*Asks:* 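Here's a structure for you.
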2 protein chains.
Amino acid sequence: MCYDWVMEKINKFEAQREKIAQATWAVILRDGLENASVRNVAQEANLSVGSLRHYFSTQSDLLIYSMELIQKKTDERIEAMRLFGNGPSTEDILEVLRQFLPLDAERKLEMEVWLSFSSKALADEAIRAKCQELLENSYQRLRTMLELLIFLKEARGDLDIDVEVVRLYGLLEGMSYHCIMLPDKFTPEIINHVLHEHLQTLK
Amino acid sequence: MCYDWVMEKINKFEAQREKIAQATWAVILRDGLENASVRNVAQEANLSVGSLRHYFSTQSDLLIYSMELIQKKTDERIEAMRLFGNGPSTEDILEVLRQFLPLDAERKLEMEVWLSFSSKALADEAIRAKCQELLENSYQRLRTMLELLIFLKEARGDLDIDVEVVRLYGLLEGMSYHCIMLPDKFTPEIINHVLHEHLQTLK
DNA sequence: ACCTTTTTAATACAGTTGTATTATTTTATT
DNA sequence: AATAAAATAATACAACTGTATTAAAAAGGT
């Protein structure tokens with residue numbers, strides 16, 4: 001009873017924070033990160049600056065949270081797919097790998113926002129630390145996927161996994177970047193196809 | 001005589017513009033692109049705002065020029081190597097490919113600045129157009145390098161070059177990004193090694 | 001020496017920024 | 001109904017921003 005109420009309260013607060021973070025995304029995409037001022041974000045979220053301050057006491061808090069939300073959304077998406085329910089399968093692994101490419105509008109949006117944060121990370125210690133943490137997580141996840149591919153005999157057992165994870169992660173990252181920057185040339189279909197061709201070379 | 005004087009005049013003007021652009025780089029790296037205001041750049045270049053305005057009438061002009069300077073520096077570097085003097089050679093090709101990775105401080109610096117501009121390109125039409133133009137140029141250059149590798153029998157003739165150029169370019173771009181963001185994990189040595197391993201798989 | 005051009009600088013303007021403080025409204029509790 | 005807490009809002013402050021205008025200094029030409 002009391003526990004449920006507390007959880008609902010927290011969820012309401014958290015839902016508003018998430019709504020504000022998504023308004024931040026919208027501003028970043030439309031006007032660039034440098035124009036994601038607290039006023040512009042507040043306007044986008046239909047709040048006043050004072051009101052927004054109730055949820056994020058500093059702009060830095062807001063940006064960090066907005067960045068973390070990208071990873072949270074990815075994790076939720078993967079979780080919702082119920083992958084690996086019956087043990088590892090090739091198709092599930094591919095599905096995880098595909099989450100690293102902007103193959104739909106949602107993912108593309110997130111990656112564009114992420115790119116903006118990457119840029120800011122170079123000069124902002126807090127953003128950088130968070131960025132690095134999330135990249136490390138992705139690296140581990142990809143390494144695990146590669147190990148599973150080898151386990152499933154979908155990749156050769158003699159591969160140097162240290163090299164291959166750098167190669168795969170680099171490929172995914174680079175193609176994503178190109179797909180964002182030159183969407184007419186590097187279409188989702190093309191980069192998805194190249195990913196599959198790449199995986200074929202691992203057999 | 002008169003021609004030499006005009007050229008010297010232009011070179012002097014151009015040299016000052018380049019100096020200002022490099023001050024812009026310095027500010028971007030230290031404080032982020034969003035803090036590369038005309039005042040901060042002017043201060044970095046030891047000029048006043050009015051003085052800076054003599055060389056770049058708008059901030060946008062300054063940023064575009066600063067972005068173009070990255071490519072100009074790369075081209076100059078490649079030019080200075082006198083590659084392909086005696087026709088194509090494998091080592092020369094590798095040298096060009098290595099220019100796509102942050103293997104030294106200069107290149108790393110340029111790529112960090114480039115990352116900042118990429119981010120800004122998402123919301124700024126002028127920057128985006130210039131970004132896309134430069135990326136297209138790089139794509140073509142890489143495609144040419146791949147074709148030369150095939151010609152030199154350093155890559156199989158049956159490769160699908162459309163796939164391989166996307167793969168190679170993606171790999172180079174992605175590893176560069178990782179080297180910038182996680183320099184302790186993705187060291188220049190590692191990414192250089194992975195590039196070579198990748199090229200081995202093309203044989 | 002004087003005049004012109006180039007380079008550098010100072011100042012102003014209107015607008016924006018993150019943060020702080022105070023106020024008001026809404027919701028929840030007693 | 002009264003009180004307290006939560007949510008929203010308005011206002012202020014000091015500093016910063018790109019651009020415009022005017023001024024001054026330095027360099028070049030006659």
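Just so it is clear, the model here is predicted, and its values are computed rather than measured.
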*Asks:* A/F13 has an atom CZ; how far is it from atom P of D/dT8, in whole Å?
*Replies:* 10 Å
*Asks:* Atom NZ of A/K12 and atom C1' of C/dT27: how far apart are they, to the nearest Å?
*Replies:* 9 Å
*Asks:* Counting only N and O atoms by type, is there a donor-acceptor contact under 3.5 Å from the side chain of B/H178 to the main-chain atoms of B/G174?
*Replies:* yes
*Asks:* Whole angstroms only, please: what is the CG-P distance between A/L52 and C/dT17?
*Replies:* 13 Å
*Asks:* Treat primed atoms plus P, OP1 and OP2 as sugar-phosphate and everything else as base, then score nucleotides 15-22 of chain D 5' to 3': B for base contact with protein heavy atoms under 4.0 Å, S for sugar-phosphate contact only, - for none.
*Replies:* --BBBB--
*Asks:* Looking at residues 117-128 of chain A, who's got a heavy atom less than 4.0 Å off DNA chain D?
*Replies:* none
*Asks:* Counting the atoms with a prime plus P, OP1 and OP2 as sugar-phosphate, which does A/F56 contact under 4.0 Å by heavy atoms, base, sugar-phosphate, or nothing?
*Replies:* nothing
*Asks:* Salt bridge or not between A/K120 and B/E34? Use side-chain N to carboxylate O under 4.0 Å.
*Replies:* yes
*Asks:* For A/Y55 and D/dA6, is the shortest distance between a side-chain N/O and OP1 or OP2 below 4.0 Å?
*Replies:* no
*Asks:* Just N and O in the side chain of B/Q16: are any of them under 4.0 Å from OP1 or OP2 of C/dT8?
*Replies:* yes
*Asks:* Listed by chain and number, what are the side chain to side chain donor-acceptor pair (under 3.5 Å) partners of B/S118, not counting sequence neighbours?
*Replies:* A/Y177, B/W114
*Asks:* List the residues meeting side chain to side chain donor-acceptor pair (under 3.5 Å) with B/Q200, not counting sequence neighbours, and say none if there are none.
*Replies:* none
*Asks:* Are any non-hydrogen side-chain atoms of A/F56 and A/V38 less than 4.5 angstrom apart?
*Replies:* no
*Asks:* Can you tabulate the close N/O pairs, meaning under 3.5 Å, that link protein atoms to atoms of nucleotides 3-5 of chain C?
*Replies:*
none

*Asks:* Taking salt bridge (Lys or Arg N to Asp or Glu O under 4.0 Å) as the definition, give me every residue that meets it alongside A/K73, ordered by chain and number, with sequence neighbours left out.
*Replies:* A/E18
*Asks:* With sequence neighbours left out, what residues match A/S176 under side chain to side chain donor-acceptor pair (under 3.5 Å)?
*Replies:* none
*Asks:* Going by atom types only, do A/Q99 and A/R77 share a side-chain donor-acceptor pair under 3.5 Å?
*Replies:* yes
*Asks:* Would you tell me if any nitrogen or oxygen in the side chain of A/H54 comes within less than 4.0 Å of OP1 or OP2 on D/dA7?
*Replies:* yes
*Asks:* By side-chain contact (heavy atoms from CB on, under 4.5 Å), which residues pair with B/L146, not counting sequence neighbours?
*Replies:* B/L149, B/I161, B/E164, B/V165, B/L168, B/L202
*Asks:* Sequence neighbours excluded, which residues qualify as side-chain contact (heavy atoms from CB on, under 4.5 Å) partners of A/A21?
*Replies:* A/Y65, A/S66, A/L69
*Asks:* Just the rounded figure in Å: distance from C1' of C/dT16 to CD of A/Q43.
*Replies:* 13 Å
*Asks:* Sequence neighbours left out, what passes side chain to side chain donor-acceptor pair (under 3.5 Å) with A/E68? Give chain and number order.
*Replies:* A/K130
*Asks:* Going by the rule side-chain contact (heavy atoms from CB on, under 4.5 Å), which residues pair with B/Q43 if we only count those two or more places apart in sequence or in a different chain?
*Replies:* B/N40
*Asks:* How is A/L47 classified with respect to the nucleic acid when contacts are heavy atoms under 4.0 Å: base, sugar-phosphate, or nothing?
*Replies:* sugar-phosphate
*Asks:* Scan residues 20-28 of chain B against DNA chain D and write down, sorted by residue number, each residue with any heavy atom closer than 4.0 Å; if none is found, say none.
*Replies:* none
*Asks:* For residues A/R167 and A/T201, determine if any side-chain heavy atom of one lies less than 4.5 Å from a side-chain heavy atom of the other.
*Replies:* yes
*Asks:* With a 4.5 Å heavy-atom cut-off, do A/I150 and A/R156 have their side chains touching?
*Replies:* no
